[in-house]
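Below: one structure, written as structure tokens.
Below, chains carry the letters A, B, ... as their sequence lines are ordered, and counting in each starts from 1.
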Amino acid sequence: MINTIKTDLRIELENILKEKYNQEIPVVVEEPKNADLGDISIPVFSIVKTLRKPLNLVVDEVIDTIKKTKVSENFSAIEKVGGFINISLNRVAFSKKLIKEGQRLDYGSSNLGKGKTIVIDYSSPNIAKPFSVGHLRSTIIGHAIGNILEKLGYKVVRINHLGDFGTQFGKIIYAYLNYGDKEKVEENPIEELVKLYVEFHELAKENPELEDKAREIFKELELGNPEYYKLWEHFREVSLKEYMKVYEMLNVKFDSYDGEAFYNDKMQAVVDELTEKSLLKKDSGAMIVDLGESMPPALIQKSDGSTLYITRDLAALFYRKTTYNFDEVLYVVGNEQKLHFEQLKAVVKELGYEFYQDIHHINFGLVLQDGKKMSTRKGKIVKLEDVLNEASELSLNYINEKNPELENKSEISKKIGVSAVIFNDLKNHRTNDIEFDLADMVNFIGQTGPYLQYTSVRISSVLDTMEFNCEDINYNLFTGNHSFDLIKTIAQYEEVLQRAKEEYSPSVLAKYLLVLASYFNTFYAKEKIMVTDDKERNTKLCLISIIRNILDEGMTLLGMQVIKKM
RNA sequence: GACUCGGUAGCUCAGCAGGAUAGAGCAACGGCCUUCUAAGCCGUCGGUCGGGGGUUCGAAUCCCUUCCGAGUCGCCA
């Protein structure tokens, strides 16, 4: 809303100035950092420079010009401070518009994504490995981005590209057949399979030929060896079952669980096309695509003829393009795979497809423990399920301390705990590394998930006491600073969602919700809401109901749970 | 070694299509519940924006250089 006013002002000013001086004069329109200075400001330095006139004259001239614009009807004051022109909005008029807008059920939506499809590849855990906190990031970042895109009108296809293929299965199958305990695997599949995997690596250190043995088994699996295939299928099934428990806790769903193996029979076509277009080159026995000097070549086929990660990703990409005809495809995968996705794009470009530009690697930082990367190979792993359970327990302790009479304590504490973990991850820009620290994640004070939930609950408890009427409003009540801060913040919701999309970063929304909640809590501390005057009470209730709607929707978009009491 | 990403308050982070005195939260300290949930609010303390150059009327923001940390660099995914 405020953005629209800014843009209109800039365009009108530029047009008038252009007509007058017969040259392009770019105008900067921004919001001052300090709200006391005004709502909109224009630094005139650049105009001074192009016009080569004294600063004072230019300031006065621009102020006169502003008064001639149509948007100026939104302004109540225009002041000059040095080389800045500070404009204040007409608070009553602006509030009036906003309160009306804010009541719309689809407030914040836009037609940005109308008719467009975006495929998101996220979560994608590796079969036969526990669902670690390492997968947490991909899962919740991808889920949140998907939700935000849907809010903006995009059709979203959510794909869990399971890591259910690759040499690792050669290793696991080798280990299972040679020294695996079948019964133990039945009882506790993932845990035992990980043990076998770790054990394999220890053995392989002494006997490097085991690595070749594993590659050989994988190669046969790829060719359809029935014994290996049966084992593979079993491992996949038991793993997926475990993952579904976690997805249920996180409330995450997918449209497809087709993993790498699904593309097993679709890779030859890729190899063929690369060959046809003369892009494939033999190098030390392996087949590569040369990508020039800026990038190492992409390895398409190993010297034993079996395929690699990028081959499968190419097959998956083309399959998705033909199946969904996407406008964009997003890969929510860690920073460490940056090169891989650059190569993927480069190969698609080499093949002559324009849509290489629509491929986006949504990279994110590592989950660190004591400043170091968590590693599967050393078996040092923290299960996400345990983390979520622990977070819920901490929440329960808190409730017992703060509100012991609360009903459904255990259910609510689960919602708080899980949401706390989600919010802790999303509040920081995704490319940052995050240190894994449960105590920090579930800190209930400050910029946290519980803070947002608590704010929403506070509003709910007021709203539930009485009906209200948004037609009966005194707009003069919004002119005070702590009220108008809220109005302005509500006005930013739409652009916040769009920026979250542009940056593919839910943190933009997360930070915004913190600001909104904080302004509300200030308002709440200073204003009594349930006053006896009908009009004043209606006004306040209407305002806070809009705030709650945004908070609740925002939290839902992030993947958090909304609660009514806590 | 090459490339990529990061270095802002004791800690966790915003700000980075250049703009007005660099902002939050945590921690520390001090206030505020006979009023709608104090998981809150208000205040105090705390910063050579890693260092050094440059461009500019103006640099945390752009360029160069340097130091520190992380990631990646052909048969793992």
Side-chain angles (χ1 to χ4, degrees), chain A residues 28 30 32-34 37 41-46 48-49 55 81-84 86 124 126 163 165-168 171 211 214-215 218 260 283-288 294-304 306-310 312-313 333-340 342 363 365-366 368 371-373 376-377 395 398-399 401-403 406 416 424 427-429 431-435 437 440 443-448 450-451 453-455 457-466 507-508 511 514-515 517-518 520-531 537 540-541 544 565-566:
Chain A
V28 179
E30 56 192 23
K33 275 181 202 161
N34 187 343
L37 294 168
S41 75
I42 299 177
V44 297
F45 309 100
S46 60
V48 169
K49 211 173 173 185
L55 189 125
V81 183
F84 291 89
N86 295 328
S124 311
N126 293 325
F165 226 50
T167 314
Q168 49 173 338
K171 294 174 184 175
E211 297 274 357
R215 272 193 281 271
F218 172 61
E260 296 182 29
D283 196 302
S284 341
M287 300 304 277
I288 63 161
S294 59
M295 230 182 280
L299 254 179
I300 300 293
Q301 211 168 37
K302 296 192 247 183
S303 30
D304 68 359
S306 65
T307 58
L308 283 145
Y309 184 41
I310 195 163
R312 290 191 284 277
D313 255 1
V333 182
N335 282 336
E336 67 273 18
Q337 290 193 34
K338 208 165 182 194
L339 178 61
H340 166 75
E342 278 167 18
N363 57 324
L366 297 167
L368 305 175
K372 285 184 208 148
K373 184 182 176 178
T376 321
R377 291 203 178 167
S395 310
Y398 230 98
I399 290 173
E401 194 186 308
K402 297 285 179 183
N403 192 2
L406 186 69
I416 296 173
N424 177 72
K427 75 178 173 185
N428 294 330
H429 191 83
T431 52
N432 295 344
D433 289 349
I434 56 173
E435 177 75 23
D437 184 340
D440 236 31
N443 187 353
F444 283 64
I445 302 162
Q447 301 175 329
T448 63
Y451 176 75
Q453 286 169 317
Y454 178 68
T455 306
V457 163
R458 284 179 120 185
I459 299 176
S460 290
S461 75
V462 179
L463 290 179
D464 288 349
T465 55
M466 195 176 257
S507 69
V508 175
K511 296 271 188 197
L514 286 174
V515 171
S518 164
F520 168 76
N521 281 316
T522 299
F523 177 85
Y524 186 82
K526 289 185 174 169
E527 297 273 347
K528 179 151 175 70
I529 292 162
M530 294 306 286
V531 291
R537 194 180 59 245
K540 288 175 172 172
L541 288 172
I544 68 171
K565 284 197 167 76
M566 69 190 276

How is A:K526 classified with respect to the nucleic acid when contacts are heavy atoms under 4.0 Å: base, sugar-phosphate, or nothing?
nothing
Close side-chain approach of A:R458 to A:N521, heavy-atom, < 4.5 Å
yes
If you compare every side-chain N and O of A:Y454 against the phosphate oxygens of B:A39 (OP1, OP2), does one of them come in below 4.0 Å?
yes
With the 90 degree cut-off around zero defining syn, does B:C63 come out syn or anti?
anti
One pair to check against side chain to side chain donor-acceptor pair (under 3.5 Å): A:R215 and A:S306. What are the steps and the verdict?
CA-CA 9 Å; A:R215 272 193 281 271; A:S306 65; over 6 Å; no
Length of the CD-C1' vector between A:Q447 and B:C13, whole Å:
7 Å
Nearest nucleotide by nearest heavy atom, which residue falls closer to the 5' end of RNA chain B, A:E342 or A:M530?
A:E342
Any chance you could lay out the side chain to side chain contact (heavy atoms under 4.5 Å, CB included) test for A:M287 and A:K302, step after step, and finish with the verdict?
CA-CA 7 Å; A:M287 300 304 277; A:K302 296 192 247 183; over 6 Å; no
What nucleic acid atoms does A:G166 come within less than 4.0 Å of, heavy atoms only: base, sugar-phosphate, or nothing?
sugar-phosphate
B:A14 phosphate, OP1 or OP2, under 4.0 Å from A:S507 side-chain N/O:
no
Assign each of A:S395 and A:V531 the nucleotide of RNA chain B bearing its closest heavy atom; nearer the 5' end lies the nucleotide of A:V531
Give a yes/no verdict on base stacking between B:A20 and A:F84: centres under 5.5 Å, planes within less than 30° of parallel.
yes
Residues A:T307, A:I300; criterion side chain to side chain contact (heavy atoms under 4.5 Å, CB included); working and verdict
CA-CA 6 Å; A:T307 58; A:I300 300 293; over 6 Å; no
Does B:C36 have OP1 or OP2 under 4.0 Å away from a side-chain N or O of A:R537?
no
Taking only side-chain nitrogens and oxygens of A:K528, does any of them come within less than 4.0 Å of OP1 or OP2 of B:U35?
no
I'd like to know if the side chain of A:N86 and the backbone of A:S41 have a donor-acceptor N/O pair within less than 3.5 Å.
no
From the list A:L366, A:N363, A:N432, side-chain contact (heavy atoms from CB on, under 4.5 Å) partner of A:N335 resolves to A:N363
OP1, OP2 of B:A77 versus side-chain N and O of A:T167: anything below 4.0 Å?
yes
Should the ring pair A:H340 and A:Y309 be called parallel, tilted or perpendicular, given that the plane angle runs from 0 to 90° and is split at 30 and 60?
parallel
Could you tell me how far B:U12 sits from B:A70 if I compare only their P atoms? Round to whole Å.
15 Å
Under 4.0 Å between any heavy atoms, over every strand shown, what does A:E527 touch: base, sugar-phosphate, or nothing? Just pick one.
base
A:H429 NE2 to B:A70 P, straight-line distance once rounded to whole Å
21 Å
Which nucleotide, if any, forms a Watson-Crick or G-U wobble pair with B:G6, using both distances under 3.5 Å?
B:C68
Could you measure between the two C1' atoms, the one in B:G46 and the one in B:G53, and give it in whole Å?
30 Å
May I ask which nucleotide in the shown strands pairs with B:A24, Watson-Crick or G-U wobble, both distances under 3.5 Å?
B:U12
Whole-Å distance, A:N428 CG to B:G6 C1', equals 13 Å
Mind checking A:I288 for me? I need base, sugar-phosphate or nothing, with any heavy atom below 4.0 Å counting as a touch.
base
Counter-base of B:G1, judged by Watson-Crick or G-U geometry with both distances under 3.5 Å
B:C73
Same-atom distance (P) from B:U4 to B:A9, integer angstrom:
26 Å
For the base of B:A20, is there a side-chain donor-acceptor partner from A:N86 under 3.5 Å away?
yes
N or O in side chain of A:K302 less than 4.0 angstrom from B:G74 OP1/OP2
no
Under a 3.5 Å cut-off for both distances, is B:A39 Watson-Crick or wobble paired, and to whom?
none
What interatomic distance, in whole Å, is found between P of B:G47 and the corresponding atom of B:G40?
26 Å
Inter-nucleotide C1' distance (B:G1, B:U48), Å rounded
33 Å
So what does A:S294 touch, heavy atoms closer than 4.0 Å: a base, only the sugar-phosphate, or nothing?
nothing
Quick test of the criterion, 5.5 Å between centres and less than 30° between planes. Is A:Y451 stacked on B:A39 or not?
no
Pick base, sugar-phosphate or nothing for A:L55, based on heavy-atom distances below 4.0 Å to the nucleic acid.
nothing
Measure centre to centre between the rings of A:F444 and A:Y451, then say whether the value is under 6.0 Å.
no
Using a 4.0 Å heavy-atom cut-off, does A:M295 contact any base of the nucleic acid, only the sugar-phosphate backbone, or nothing at all?
nothing
Phosphate OP1/OP2 of B:A14: any A:N432 side-chain N/O under 4.0 Å
yes
A:R312 side-chain N/O to B:A77 phosphate OP1/OP2 under 4.0 Å:
yes
In whole angstrom, give the distance that lies between atom CG of A:L366 and atom P of B:A70.
11 Å
Between A:I434 and A:N428, does a side chain to side chain contact (heavy atoms under 4.5 Å, CB included) hold up when you go through it step by step?
CA-CA 8 Å; A:I434 56 173; A:N428 294 330; 4.2 Å; yes
Scan A:T522 against the nucleic acid and name what it touches under 4.0 Å (heavy atoms): base, sugar-phosphate only, or nothing.
sugar-phosphate
Rounded to whole Å, the CD-C1' distance (A:E30 to B:G58) equals 12 Å
Provide the distance between the two C1' atoms, one in B:A24 and one in B:A14, to the nearest whole Å.
7 Å
Tell me whether the side-chain N or O atoms of A:T465 pair up with the base of B:C36 as donor and acceptor below 3.5 Å, since no angle test is needed here.
no
In Watson-Crick or G-U wobble terms, both distances under 3.5 Å, what is the partner of B:A17?
none
Where do A:M566 and A:I416 come nearest, in terms of heavy atoms and distance?
CE-CD1, 3.8 Å
So which nucleotide does B:C45 pair with, by the Watson-Crick or G-U wobble rule with both distances under 3.5 Å?
none
Looking at A:T448 and B:A39, is any side-chain donor or acceptor paired with a base atom of the opposite kind under 3.5 Å?
no
What integer distance in Å separates A:K49:NZ from B:G19:C1'?
13 Å
Pick base, sugar-phosphate or nothing for A:Q453, based on heavy-atom distances below 4.0 Å to the nucleic acid.
nothing
In whole angstrom, give me the gap between the C1' atoms of B:G54 and B:G15.
24 Å
Using purine N1 to pyrimidine N3 plus N6-O4 or O6-N4 for Watson-Crick, or N1-O2 and O6-N3 for G-U wobble, each under 3.5 Å, what pairs with B:U34?
none
What form does the base of B:A24 take, syn (within 90° of 0) or anti?
anti
Whether the side chain of A:N34 and the base of B:U21 hold a donor-acceptor pair under 3.5 Å is what I'd like checked.
yes
Which part of the nucleic acid does A:I529 contact within heavy-atom distance under 4.0 Å: base, sugar-phosphate only, or nothing?
base
Using atom P of each nucleotide, how far apart are B:A22 and B:C49 to the nearest Å?
11 Å
Check every strand shown and say whether A:D283 touches a base, only sugar-phosphate, or nothing at a heavy-atom separation below 4.0 Å.
base
Checking all strands, does A:S306 fall into the base, sugar-phosphate, or nothing category for heavy-atom contacts under 4.0 angstrom?
nothing
